[in-house]
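Side chains included, hydrogens not; waters and symmetry mates left out as well; all remaining heavy atoms used. Convention: sequence-line order gives letters A, B, ...; per-chain numbering from 1.
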2 protein chains.
Amino acid sequence: MTAKNVYMFKEGNATMRDLLGGKGANLGEMTNMGLPVPQGFIITTEACNQFYQTGEKLSEGLIEEIYSSLNKLEKETGKEFGSVENPLLVSVRSGAAISMPGMMDTILNLGLNDDTVKTLAENTQNERFAYDSYRRFIQMFGDVVLEIDKDKFENLLELMKEENNFTEDTQLTAEHLKELVEQFKEVVRKETGEDFPYDPKEQLLKSVEAVFASWNNPRAITYRRINEVPKSIKGTAVNVQTMVFGNMGDDCGTGVAFTRNPSTGENKLYGEFLMNAQGEDVVAGIRTPQSISHLKEVSPELYKQFKDAAEKLEKHYKDMQDIEFTIEKSKLYILQTRSGKRTATAAIRVASELVEEGIISKEEALMRIEPKQLDQLLHPNFDEEALKNASAIAKGLPASPGAATGKIYFTAEAAVTAVNSGEKAILVRQETSPEDIEGMYLASGILTARGGMTSHAAVVARGMGKCCVAGCESIRVNEEKKEFIVDGKVYKEGDFISLDGGTGLVYSGEIKTVEPTLSGHFGELMEWSDEFRKLRIRTNADTPADAETAVKFGAEGIGLCRTEHMFFDEKRISSVRKMILSNTKEQREKYLNEILPMQKEDFKGIFRAMGGRPVTIRLLDPPLHEFLPVQDKDILSLAKDFDISFDELKEIIESLKEFNPMLGHRGCRIAITYPEIAVMQTKAIIEAAIEVSKEDNIEIKPEIMIPLVGIVEELEYLKDYIVKTADELIEKAGIELDYLVGTMIEVPRATLVADQIAKEAEFFSFGTNDLTQMAFGFSRDDAGKFLNEYHEKNILEKDPFESIDQTGVGKLVELAVDLGRKEKPELKIGVCGEHGGDPASIVFFHNAGLDYVSCSPYRVPIARLSAAQAVILENKAK
Amino acid sequence: MTAKNVYMFKEGNATMRDLLGGKGANLGEMTNMGLPVPQGFIITTEACNQFYQTGEKLSEGLIEEIYSSLNKLEKETGKEFGSVENPLLVSVRSGAAISMPGMMDTILNLGLNDDTVKTLAENTQNERFAYDSYRRFIQMFGDVVLEIDKDKFENLLELMKEENNFTEDTQLTAEHLKELVEQFKEVVRKETGEDFPYDPKEQLLKSVEAVFASWNNPRAITYRRINEVPKSIKGTAVNVQTMVFGNMGDDCGTGVAFTRNPSTGENKLYGEFLMNAQGEDVVAGIRTPQSISHLKEVSPELYKQFKDAAEKLEKHYKDMQDIEFTIEKSKLYILQTRSGKRTATAAIRVASELVEEGIISKEEALMRIEPKQLDQLLHPNFDEEALKNASAIAKGLPASPGAATGKIYFTAEAAVTAVNSGEKAILVRQETSPEDIEGMYLASGILTARGGMTSHAAVVARGMGKCCVAGCESIRVNEEKKEFIVDGKVYKEGDFISLDGGTGLVYSGEIKTVEPTLSGHFGELMEWSDEFRKLRIRTNADTPADAETAVKFGAEGIGLCRTEHMFFDEKRISSVRKMILSNTKEQREKYLNEILPMQKEDFKGIFRAMGGRPVTIRLLDPPLHEFLPVQDKDILSLAKDFDISFDELKEIIESLKEFNPMLGHRGCRIAITYPEIAVMQTKAIIEAAIEVSKEDNIEIKPEIMIPLVGIVEELEYLKDYIVKTADELIEKAGIELDYLVGTMIEVPRATLVADQIAKEAEFFSFGTNDLTQMAFGFSRDDAGKFLNEYHEKNILEKDPFESIDQTGVGKLVELAVDLGRKEKPELKIGVCGEHGGDPASIVFFHNAGLDYVSCSPYRVPIARLSAAQAVILENKAK
């Protein structure tokens, strides 16, 4: 270790975040800005990294550097470690390159011992405060550095209060606290076999070690996993800063403030302070802090100083700041500044107004918004007050955002009945199936015990913009008994529960929800996004209602219209089932003809809703057995209707079952067996397009998409039928109608022979859900269980169903784009899997050269912003 | 069409096979060798191809060329089409580049009409023969060229026989036949509205058209599909050859002979002939033909001529020939020669002796043997005589070769009981599962109604060298009623059936089987293979018995030892199940410790059987639910044993079920959840290796293989456990033991990040079964149904589970080899999927640069030969 490992504040600046951590870099920056920062030094993240590489010990070299920096600090402050005249007291804090709770946070008042405490008492004229600080220091040091059970100290404190019949800590006198200090030191002696360190230098080195060690404590590891902290961030820095005191009298104080309102974004100082108090008093709530604007009345001068500092910091950092300050003897100290956390509403308003104020550019504004935050704006949320009294009973996957409250129902039918009679329903299922569509549509929210982020429930709910918590494994659903059990407690049909689809939390009881409102700033942000982005944004929509929602959010076309949901409609399912059971082509065609006019009406509705924007319709995809009844009564009724015996029908249904339906008779394979299905669907699409273009006099551009192609001959075979059917109808109608025939690229083999496929296909649309399933060999319905473990064991950083696996699956995408465009340079390429709405994936798709992404209607704004960010990032990298 | 489209025989030679077809090329070659071939000309395959491109019509240019060649032929023979003095009669035959039954075969006596027939009668002094030839010509022409229903002619023939009270055709006189000719001409007139063509030129052109058209008749298409004729072969040639007659008197005759015995390979003329007869008389069996050796007695001179010709042909073609000849007026004519079809035994003996005789090189000999033919030599076959009386009742997939006969049993238990009491059993199942292993092992053969070429039944049966017919969809198995139904007929437990695993045919009743014997020629062939091949050949073996069989066949190591079959052993399954149901690591370890000594003994047996050859052991692969009981009685018994309630256990079993087990919690994912399983297996492997190397004083090289890795971190995580466990045991034992830790490459993603994986893995072994499943998105258990359709509709040429899909899946293999070797040039790479025993795949693996292939024991000889062929083909291509 030869490099410099310790920096004085004035040697640091904001660009040194990786080395000095966020807190340290900002302390350096503020020092150099001339702001009143209590001085100190920073031990680097690199030193932490070295600490782990050399057996978790501080090297001699590092210790020397620390001492030398300490020396400089003593000179600067005129104070001295351990001096009884003018003792130097410091705080020691962790600070990684990104904000990271879970590590050891702060040790205050380091430098106190039996002698310096007396000086502190004299200087503050407050013996009680000095000894309270001392006993707190011993307690904190004992806990986090010496790893002594906290209770050992707390119990003594309680005991002393009991003996004196006190109820509050504040009732303890200086004498009590002196006694307690002795008792605490005894605890340390007993637990560690050594005296509490008297020497401030020893206190310091031990604290540094403890901060470094806390980087790998379980809470910190968990935090990094959950928040997907990149592995490149290694270690935390340690900030050693001179103590200042806000509780040395009425000319002292402490507070926290935001430069703008973090909830609404309003450009006005927002925060609170307390005079003659320590930081923890503000947090503890013993005294009620005052609004920051009140500081003006306490001291106009200090208020102005603080306001100026705040403005300076905001201008400097070009973002809303969250600032901690202390006033010691009428002197203002800035202890810390950082970008303020904010709601989505505030984020958008702040970004937008910073542009208006000429502080940042549009590009910077767009990069300031976390695209996923937009979800908050588009869905109902719980009322914050109501939520405070609610208790979470379980946590599942945050499958589709929004908040919902209602009565539990365990079947789609029951939910439908309840909603129709005016109730709010939450549909609770082991897992949902396509038969549940109507119930899902009417319910306020959906809760499933099984399935992942791309399970049926999750995908459909996101498409509907409906709140959904999926894969909530801790609840045990008994659909027969109409109840679920969680932690031994039984919830029955009709009981109220509430779901937060943004966090995955399930609450018992009813919680008030509030509807979102979209501000003008939001519209502005979207416009700016559109100025920058190159990717077109389409939507996945199966109904005119979804299509309209998506257009409202800015969708430029439909990238995926699934036709199977239409087959489940009550009026059609009987014809669909009979078609499946037919033994001859003629019989099948008869039932398909019953479906044709209905399917045509669906498409007309969607074409109208999209008003001439391109619409990609995928031919029937799921395995046919999904359409057959499961319950005996439905089987019986179908058997009667179709005039075969119950046993015979049951046997047929059994024979259609598959071991691995995901890899079975589905997608284009169905139409290859029964081309008449593709012919019927082509007729419905083309006839609908002809009729709408005539009736509404708009140009309709249907794009017929064949799913699950892995072999070019599959596409050739079906394209023949489709083109023949379509061309005949168009010729007969005597109009011009452009339609395209293309394919999903979702089977790994398709990516490998994409050049062959491009010869036949007029467009590609990546189905990255299936591509991910097959590339990893993960069934999205089953992988939920072990993917959690994969996260915990650091095997996978991200859920590949949420955000595309760029290293593996992404390689297949890039390969297919290359091969496809090599064969056909003008080939239109998009993506219509779930990844089309994920910000990181959208950046990837932009870079891979795709023409568009398609996502569920409620993700369209997210996609617009992400696509703009992709361009800005690309330009930066140039 | 400007190129030359018609060739006189003398313009052709054997190298022109693609253009002139096999038959035509050989006629040209023989003509140029100076052999007595009746002269003629050949219309090319290219002309056939053009015929299809120009609306199935003969072009003017082609017709001119045909006439011009006809003219040359008339000059050469001194005969003339339609001449009443010396009429030219010809035969017209199809002939593609490869032998291809199913097309129109032959039209004889073309050139006959009401006038030339009289000349034929005079020349042959046989009016009956002349008119019989004429009526046959009309009948054949009417059937194949004019497409008139055969019965229309046959019925008239029968009627005439009835009217005269005749029973045999031969009883009809010349007068009868003249009358029949008139009736036949009337049929033609009535059916086609035109007279039977009198003009021989018209007869010829129509016949040529018919031959061309027959290329695409359904029988021919089916033949090409079943025999995987490459699509590059397009069209058939047409051979027009002067007629010679073997039935013009006692100095005439006809016959067919092989230059060596096609059944045994013995180097001795083998065939038969008839004097004063036509070719079809030999075939029809009305007169008994005589052995070819008898020709010596009829005419020593002709015999010598024929023998000389035969020898000349064999030397010229350097292979055993199948020769047709005719003697006309004591003059020998050779009509056709081709490589003789032969049994595997004969193929090997002929190839071996041709090398001894200095006629061909070892390379040529090795290329002569179709590797798959070797299967015939290694498995029992049906007695040929017995088979003649057998009737096939169904056809499934030829999943594992050999012949078997026995009584039907529907459960593994019943089959075991039956075999133990001395019966032969055929296990019939809907599909087999790992629980059936013992029954499969003891049964003579296995028949399943579902599943493809790589279904559980197929894979396990091939491993055992046991006859298996899989996916026989036409039988409906009712395991409860203990019966199956096929075509309405019921077969019950205890009824006899017989299976041919080489053809997929199922027979009712008992059929005698014969055991194979291996000749010295076989051993020689294998030695030669070993001289050439570069690929090492390993075997897939799970038991010492399998390992021994494989070593006997030449296996150089084990490429895949599956450990899961060992878990099903009756003595262990209870511990395995309890381990699965355990809630804590401690509990699991307790039951794993019960399994450890047994598993160690397995490995010791296998190490011993392999005598120091490398052994690759795969850690537990299948999903855990496969080990849990299915039937209520077994669940009840386990529940008691494990001390939980039946309902509770049932619920646990239910909760372990997966939607797509193929993509679920299996492979390395199990060991990642429960590392203690991998630790136990590592202990068993390493302890076994230590003990055997001490006890037998041989060097043991265990290779521990981690299945289903798709992410390098999976491998890292498990390797840590394995290496730690292994190194501790080795250190404790105080001996040297080299072991390797490697991975299967079977998930598509693994091929994409093979460079990352190669950093951690000491070897790769491709699992091309799973790779194929995931690359295509085909579940091997479900795809059987639609893969048939894919063949029929020309979407797939070959079953990708039988022979590797070189275009798609192969690309992934090549990519992984490239990436892996780039990272680690010395990386050992093999394949252990089913493709390791498929000849075409082996050639591919050789070219891809693999180090070894591993296949089931009975395929080891096939693999040795194929690997040699791969080298020879590679050298040729250089």
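For A:Leu708, no part lies near chain B; criterion is any non-hydrogen pair under 4.5 Å. At a 4.5 Å heavy-atom cutoff, the contact between A:Phe776 and chain B is made by backbone and side-chain atoms alike. Contacts of A:Gln430 with chain B are absent, with no heavy-atom separation under 4.5 Å from either backbone or side chain. At a 4.5 Å heavy-atom cutoff, the contact between B:Phe786 and chain A is made by side-chain atoms alone. Heavy-atom distances place no part of A:Glu792 under 4.5 Å from chain B, backbone and side chain included.
Ranked by heavy-atom pairs shorter than 4.5 Å toward chain A, the options B:Gly808, B:Gly777, B:Ala783 are led by B:Gly777. The most heavy-atom pairs under 4.5 Å with chain A, out of B:Leu812, B:Leu815, B:Leu771, B:Asp770, come from B:Leu812.
Inspection of non-hydrogen atoms places A:Glu658, A:Phe659, A:Asn660, A:Pro661, A:Met662, A:Leu663, A:Gly664, A:His665, A:Cys668 of residues 658-668 of chain A under 4.5 Å from chain B. Of residues 709-716 of chain A, those residues lying under 4.5 Å from chain B by any heavy-atom pair are A:Ile711, A:Glu713, A:Glu714. Within residues 743-750 of chain A, the residues that have a heavy atom under 4.5 Å from a heavy atom of chain B are A:Val747, A:Pro748, A:Arg749, listed by number.
Closest heavy-atom contact between A:Lys793 and B:Thr673: NZ-O, 3.9 Å. Here the closest non-hydrogen pair linking B:Lys657 and A:Arg450 is O-NH1, 3.8 Å.
For the ring-ring contact (aromatic ring centres under 6.0 Å, His included) test, no residue two or more places apart in sequence or in another chain qualifies with B:His791.
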Point to revise | Audit row: A:Gln773, B:Met774, side-chain contact (heavy atoms from CB on, under 4.5 Å) steps and yes/no | key: CA-CA 9 Å; A:Gln773 293 198 85; B:Met774 294 177 201; over 6 Å; no
Point to revise | CA sep, side-chain torsions, deciding dist, call: B:Gln756, A:Thr807, side-chain contact (heavy atoms from CB on, under 4.5 Å) | key: CA-CA 11 Å; B:Gln756 296 177 10; A:Thr807 326; 3.5 Å; yes
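Between A:Arg669 and B:Glu789, none of the side-chain N atoms (NZ, or NE/NH1/NH2) sits under 4.0 Å from a carboxylate O, so this pair counts as no salt bridge.
With a 4.5 Å cut-off on side-chain heavy atoms, A:Tyr790 and B:Ile672 count as touching.
With rounding to the nearest 0.5 Å, the separation of CG in B:Asp782 from CG in A:Leu656 is 11.0 Å.
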